[in-house]
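Notes for the one structure printed next.
Computed from a prediction, not measured in an experiment: that's the story for all the values here. FYI, the numbering just counts along the sequence from 1.
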Amino acid sequence: MDDTVRKVEFIADPAGAPAYLDAASAAPPHPVARQALLAALADGWADPDRLYAAGRRAQQLREAAQGSVADSLGVRQDEVSFLSSGTAAVHAAVLGGLAGRARAGRTLVHSAIEHSAVLHAAAQAGDAVPVGVDLAGRLDLDAWRSEVGAPGVALAGLISASHEVGTVQPVAAAAEVCAEHGVPLFVDAAQSIGRVPVPPGWSLLTASAHKWGGPPGVGVLVVRKGVRWLSPYPGDDRHRPRPVGALDLPAVVAAAASLRAVLVEAQTEAVRLTGLVERIRATVAATVPDVEVVGDPVQRLPHLVTFSCLYVDGEALLHALDRHGFAVSSGSSCTASTLRPSHVLEAMGVLSHGNVRVSLHRGTTEDEVDRFLAVLPGVVAGLRAEAGM
């Protein structure tokens with residue numbers, strides 16, 4: 001038996017406290033985020049655009065946070081803007097990137113596995129051309145080259161790593177293609193920042209603080225110098241991204257501080273979490289019949305694993321695991337608004353029924369993983385029995 005597969009006794013109930021295993025949706029707050037948020041509340045409540053003393057103190061905090069994030073991402077301070085969420089940052093990147101390139105065309109070329117925020121923005125702003133992926137969820141570079149080189153392409157968009165299956169995308173190669181054709185590349189790096197480095201070559205980049213352990217309500221947009229960006233929203237400053245409404249400055253300060261702390265730990269945590277994910281991948285495949293572990297087994301994020309169980313409803317499986325104390329998510333559960341399974345899994349051509357995404361964080365322990373692996377086979381078997389399978 002593979003060393004990553006531990007012999008586990010199937011149990012009906014967890015033998016410990018509830019385990020949060022959905023860091024890809026929102027990571028638990030980093031201790032540094034908590035400390036910085038409380039400290040920033042003292043001086044970060046005023047309007048940083050005002051000239052009186054309280055406003056100047058708030059402005060100093062904003063600029064310090066901006067500089068810290070710029071250092072963390074390896075960019076210029078004046079290339080960094082804060083918005084009200086990761087989704088708001090994505091919308092600003094797509095809509096503003098297309099608006100700034102209106103003379104070149106109105107087409108956005110993007111991978112078929114982009115976050116829905118990209119797809120919704122593209123549908124509103126112009127013509128969207130999706131590029132397919134393989135069974136592992138990796139971009140088809142030949143098709144990408146063909147579409148990016150077509151007339152009328154204003155912007156290209158590629159997620160740095162799949163938020164549903166964890167496959168890391170060939171950003172560097174995609175960026176080279178974009179550079180050959182003079183097309184700016186937008187990278188949604190929400191799942192990568194704080195986990196793995198993002199290759200250079202992109203023109204616009206977005207991230208979301210609560211994905212790395214910062215507070216919710218903070219999105220980051222980076223627009224490199226020389227990239228044409230035009231605000232798609234009403235406002236005074238058409239050429240510099242600004243939040244719609246008041247900036248939550250204490251949360252921004254906490255986001256910047258926590259990002260710096262997370263990056264210090266990133267390499268060590270990546271090694272630790274990679275080992276745990278490998279254990280999950282191997283054990284699930286060995287102990288749950290009729291299961292498909294999806295995503296690239298090597299070129300993947302260190303903290304995320306997704307698998308699909310045949311003959312099991314994804315939503316029922318998530319509820320059952322929640323009753324046993326495990327918070328996980330699914331990309332296959334149909335929602336009342338869409339009534340469709342995951343577009344990412346559909347694009348990959350993999351099983352979407354009974355889909356479970358497990359994503360770990362700095363607080364995840366080996367014991368939590370072992371308890372999850374002990375409970376899962378019995379839960380799946382029980383649901384299949386209820387369905388008469």
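Taking hydrophobic clusters as Ile, Leu, Val, Met, Phe, Trp and Tyr residues chained together by side-chain heavy-atom distances below 4.5 Å, L205 shares a cluster with V262. Put simply, F372 and V312 are part of the same group of oily side chains (I, L, V, M, F, W, Y) that touch within less than 4.5 Å, one to the next. V358 and V293 fall within a single hydrophobic cluster, where Ile, Leu, Val, Met, Phe, Trp and Tyr are joined by side-chain heavy atoms under 4.5 Å apart, directly or via other members. L360 is connected to V356 through a chain of hydrophobic side-chain contacts under 4.5 Å among Ile, Leu, Val, Met, Phe, Trp and Tyr, so both are in one cluster. Under the 4.5 Å side-chain contact rule for hydrophobic residues, L230 and V223 do not share a cluster.
In this structure, H163 and H343 have tilted ring planes: the angle between them lies in the 30° to 60° band.
At least one donor-acceptor pair closer than 3.5 Å links the side chain of R371 to the backbone N or O of A17. Side-chain atoms of H30 never come within 3.5 Å of backbone atoms of R362 as a donor-acceptor pair (strictly under, hydrogens ignored). Looking at S352, its side chain never comes within 3.5 Å of a backbone N or O of L345 through a donor-acceptor pair. Put simply, the side chain of R34 never gets that close to the backbone of P31: no donor and acceptor are under 3.5 Å apart. A donor-acceptor pair under 3.5 Å links the side-chain atoms of K211 to the main chain of A24, judged by distance alone. Between the T274 side chain and the A270 main chain, a donor and an acceptor come within less than 3.5 Å of each other. At distances below 3.5 Å, not a single donor-acceptor pair connects side-chain atoms of T283 with backbone N or O atoms of I280.
L119 shares a hydrophobic cluster with no other residue; no ILVMFWY side chain has heavy atoms under 4.5 Å from its own. With side-chain heavy atoms closer than 4.5 Å counting as contact, directly or through intermediates, the hydrophobic cluster containing L41 also holds L38.
Contact check for P48 versus E63: no side-chain heavy atoms found under the 4.5 Å cut-off. Between V196 and P302 there is a side-chain heavy-atom pair separated by less than 4.5 Å.
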List, one per line, each side-chain donor-acceptor pair under 3.5 Å for residues 122-130, sequence neighbours excluded.
unit_1	atom_1	unit_2	atom_2	d
D127	OD1	R106	NH1	3.0
D127	OD2	R106	NH1	3.3

Check: residues 79-95 side-chain donor-acceptor pairs under 3.5 Å, at least two apart:
unit_1	atom_1	unit_2	atom_2	d
E79	OE1	R76	N	3.0
E79	OE1	R224	NE	3.0
E79	OE2	R224	NE	3.4
E79	OE2	K225	N	2.9
S81	OG	P241	O	3.2
S85	OG	T87	N	3.4
S85	OG	A88	N	3.0

Taking distance alone, no hydrogens or angles, what donor-acceptor pairs closer than 3.5 Å link side-chain atoms of residues 174-181 to residues at least two apart or in another chain?
none

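For the side-chain hydrogen bond (donor to acceptor under 3.5 Å, both in side chains) condition, the pairs that include at least one residue of residues 35-59, sequence neighbours left out, are D43-R57, D47-R50, D49-R62, D49-R242. Within the structure, side-chain hydrogen bond (donor to acceptor under 3.5 Å, both in side chains) pairs that include any residue of residues 184-210 comprise S160-S192, S208-H210 (at least two apart or interchain).
In plain terms, the two heavy atoms of S308 and L351 that are nearest each other are OG-O, 2.8 Å. Nearest approach of L317 to C309, heavy atoms of both residues: CD2-SG, 4.2 Å. Residue G67 comes nearest to Q77 through the heavy atom pair CA-OE1, 3.6 Å, listed as atom of the first residue, atom of the second, then distance.
Of the N and O atoms on the side chains of R138 and T167, not one donor lies less than 3.5 Å from an acceptor on the other residue. Side-chain atoms of T364 and R272 include no donor-acceptor pair closer than 3.5 Å. Side chains of E164 and S342: a donor-acceptor N/O pair is present below 3.5 angstrom, by distance only. Side chains of E114 and S111: a donor on one and an acceptor on the other come within 3.5 Å.
Listed by chain and number, the residues in a side-chain contact (heavy atoms from CB on, under 4.5 Å) with S146 amount to none (sequence neighbours excluded). Every residue two or more places apart in sequence or in another chain was checked for a side-chain hydrogen bond (donor to acceptor under 3.5 Å, both in side chains) with S116, and none qualifies. Taking the ring pair (Phe, Tyr, Trp, His ring centres under 6.0 Å) definition, one finds that F307 meets it with nothing, sequence neighbours left out. Partners of D248 by side-chain contact (heavy atoms from CB on, under 4.5 Å), not counting sequence neighbours, listed by chain and number: P250, A251. Contacts of R281 classified as salt bridge (Lys or Arg N to Asp or Glu O under 4.0 Å), with partners at least two apart in sequence or in another chain: none.
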CA sep, side-chain torsions, deciding dist, call: L155, L204, side chain to side chain contact (heavy atoms under 4.5 Å, CB included):
CA-CA 10 Å; L155 183 67; L204 304 100; 3.9 Å; yes
Using the side chain to side chain contact (heavy atoms under 4.5 Å, CB included) rule, take L185 and L158 through it: C-alpha gap first, then chi angles, then the decisive distance, then the call.
CA-CA 7 Å; L185 175 63; L158 178 61; 4.2 Å; yes
Please step through side chain to side chain donor-acceptor pair (under 3.5 Å) for the pair S72 and R260, ending with a clear verdict.
CA-CA 6 Å; S72 295; R260 186 178 292 274; 4.7 Å; no
